Amino acid sequence: MALDDTVKTRISNEIVRLEEDCSHSGKAHFNASSRWNKLNYWFGIPSVIISAVIGTAFFKDYALPASIGSAAVTVLTALVTFLKPAEKATEHKNSGDQYLALKNDARVFRELTLQQATDEGAVMESLVGLTTRRNELNQASSMFSDNDFQRARAGVNAGEALHAVDKQ
């Protein structure tokens, strides 16, 4: 079936929605990754420093500070083990990368493929493929916080997700 301009416009609008969803979700995942990375360092660096300090011979005569330091290291290590901030940072970064890739694929489809398309069936198949990828990514990705999303929306609205050519 031939592809008329009305159908192209509706498909293009749907792809723009998909791109917007990917911008917000991807940026929110990058924000979450950054937050979890910071937590990893906030827990890990003090743990290493305190361990090194209380491991010195100087503290063998200071049982109370050594005990407090040991307790602090235990708590910090337990938090890293339980929360797994490095793993969560990596998971969110990977999700952000996948949303960015999907957004790029959708933009290329909208800007190039759709403009040259003449077969409605092939275009609809491509659209279904892109939306299926988004839905699967939504289901497979870890949740991010509302704060991560609010920061993402503010950044996207401020133009952080646009390329220079799109700002003209």
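Below, each value reflects all heavy atoms present in this structure, side chains not excepted, and no hydrogens, waters or symmetry copies. For clarity, every value in this text was computed on a predicted model and none was experimentally measured.
Between the CZ atom of Phe109 and the OG atom of Ser12 there is a distance of 9.0 Å, given to the nearest 0.5 Å. Rounding to the nearest 0.5 angstrom, the gap separating the OG atom in Ser23 from the NZ atom in Lys27 is 10.0 Å. Going from atom CG of Leu102 over to atom CG of Asn138 covers 9.0 Å, rounded to the nearest 0.5 Å. Considering OG of Ser142 and CH2 of Trp36, their distance stands at 10.0 Å, rounded to 0.5 Å. Distance check: Ile11 CD1 to Thr113 OG1 gives 12.0 Å after rounding to the nearest 0.5 Å. Once rounded to the nearest 0.5 Å, the distance linking CZ of Arg35 with CZ of Arg151 reads 8.5 Å.
Considering Arg110, Glu14, His24 as possible partners of Glu19, the one that fulfils the side chain to side chain contact (heavy atoms under 4.5 Å, CB included) test is Arg110. For the side chain to side chain contact (heavy atoms under 4.5 Å, CB included) with Arg133, the lone residue among Asn135, Leu130, Thr131 that qualifies is Leu130.
Residue Leu112 is found in a hydrophobic cluster whose other members, listed by chain and number, are Val108; membership requires side-chain heavy atoms under 4.5 Å apart, directly or through intermediates. Hydrophobic cluster of Phe149: the remaining members, joined at side-chain heavy-atom separations below 4.5 Å, are Phe144, listed by chain and number. The other members of the hydrophobic cluster of Leu64, by chain and number, are Ile68 (side-chain heavy atoms under 4.5 Å, ILVMFWY only). As a member of the Ile/Leu/Val/Met/Phe/Trp/Tyr network built from side-chain separations under 4.5 Å, Tyr99 groups with Leu137.
The side-chain heavy atoms of Phe30 and Lys93, taken from C-beta on, include a pair separated by under 4.5 Å. Put simply, the side chain of Leu114 reaches to within 4.5 Å of the side chain of Leu3, judged on heavy atoms.
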If you look only at distance, which donor and acceptor atoms sit under 3.5 Å apart when one is on a side chain in residues 70-77 and the other is two or more places apart or in another chain?
residue : atom : partner : partner atom : Å
Ser70   : OG   : Ala66   : O            : 3.0
Thr74   : OG1  : Ser70   : O            : 2.8
Thr77   : OG1  : Val73   : O            : 2.8

Problem - Worked check of side chain to side chain contact (heavy atoms under 4.5 Å, CB included) between Ser33 and His29 - result: CA-CA 6 Å; Ser33 177; His29 278 290; over 6 Å; no
Practice task
Start with the C-alpha distance between Thr118 and Val123, add both sets of side-chain angles, then the distance that settles side chain to side chain contact (heavy atoms under 4.5 Å, CB included), and finish with yes or no.
Solution key: CA-CA 8 Å; Thr118 57; Val123 168; over 6 Å; no
Exercise for the section: Apply side chain to side chain donor-acceptor pair (under 3.5 Å) to Asp148 and Ser145, showing your working. Expected result: CA-CA 5 Å; Asp148 293 328; Ser145 73; 3.0 Å; yes
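Note: the hydrophobic cluster containing Ile54 also contains Leu79 (ILVMFWY, side chain heavy atoms under 4.5 Å, direct or indirect links). Under a hydrophobic-cluster definition in which Ile, Leu, Val, Met, Phe, Trp and Tyr are linked whenever side-chain heavy atoms come within less than 4.5 Å, directly or via other members, Ile50 and Phe43 are assigned to the same cluster. Grouping the Ile, Leu, Val, Met, Phe, Trp and Tyr side chains by contacts below 4.5 angstrom, directly or via other members, places Leu18 with Met124. Hydrophobic clustering places Leu39 together with Leu83 (ILVMFWY residues linked when any side-chain heavy atoms are closer than 4.5 Å, directly or through intermediates). Linking Ile, Leu, Val, Met, Phe, Trp and Tyr residues whenever their side-chain heavy atoms come within less than 4.5 Å places Ile45 and Val53 in a single cluster.
Ion pairing between Asp21 and Arg17 fails under the 4.0 Å rule for side-chain N and carboxylate O.
Side-chain polar atoms of Asn104 and Arg107 form a donor-acceptor pair below 3.5 angstrom.
Here the closest heavy-atom approach between residue Val80 and residue Gly44 is recorded as CG2-N, 4.4 Å.
The salt bridge (Lys or Arg N to Asp or Glu O under 4.0 Å) contacts involving residues 62-91 comprise nothing, where partners must be two or more places apart or lie in separate chains.
Side chain of Lys103 to main chain of Ala161: a donor-acceptor pair is present (N/O by atom type, distance under 3.5 Å, no hydrogens or angles). At distances below 3.5 Å, at least one donor-acceptor pair connects side-chain atoms of Lys8 with backbone N or O atoms of Gln115. Between the Ser51 side chain and the Ser47 main chain, a donor and an acceptor come within less than 3.5 Å of each other.
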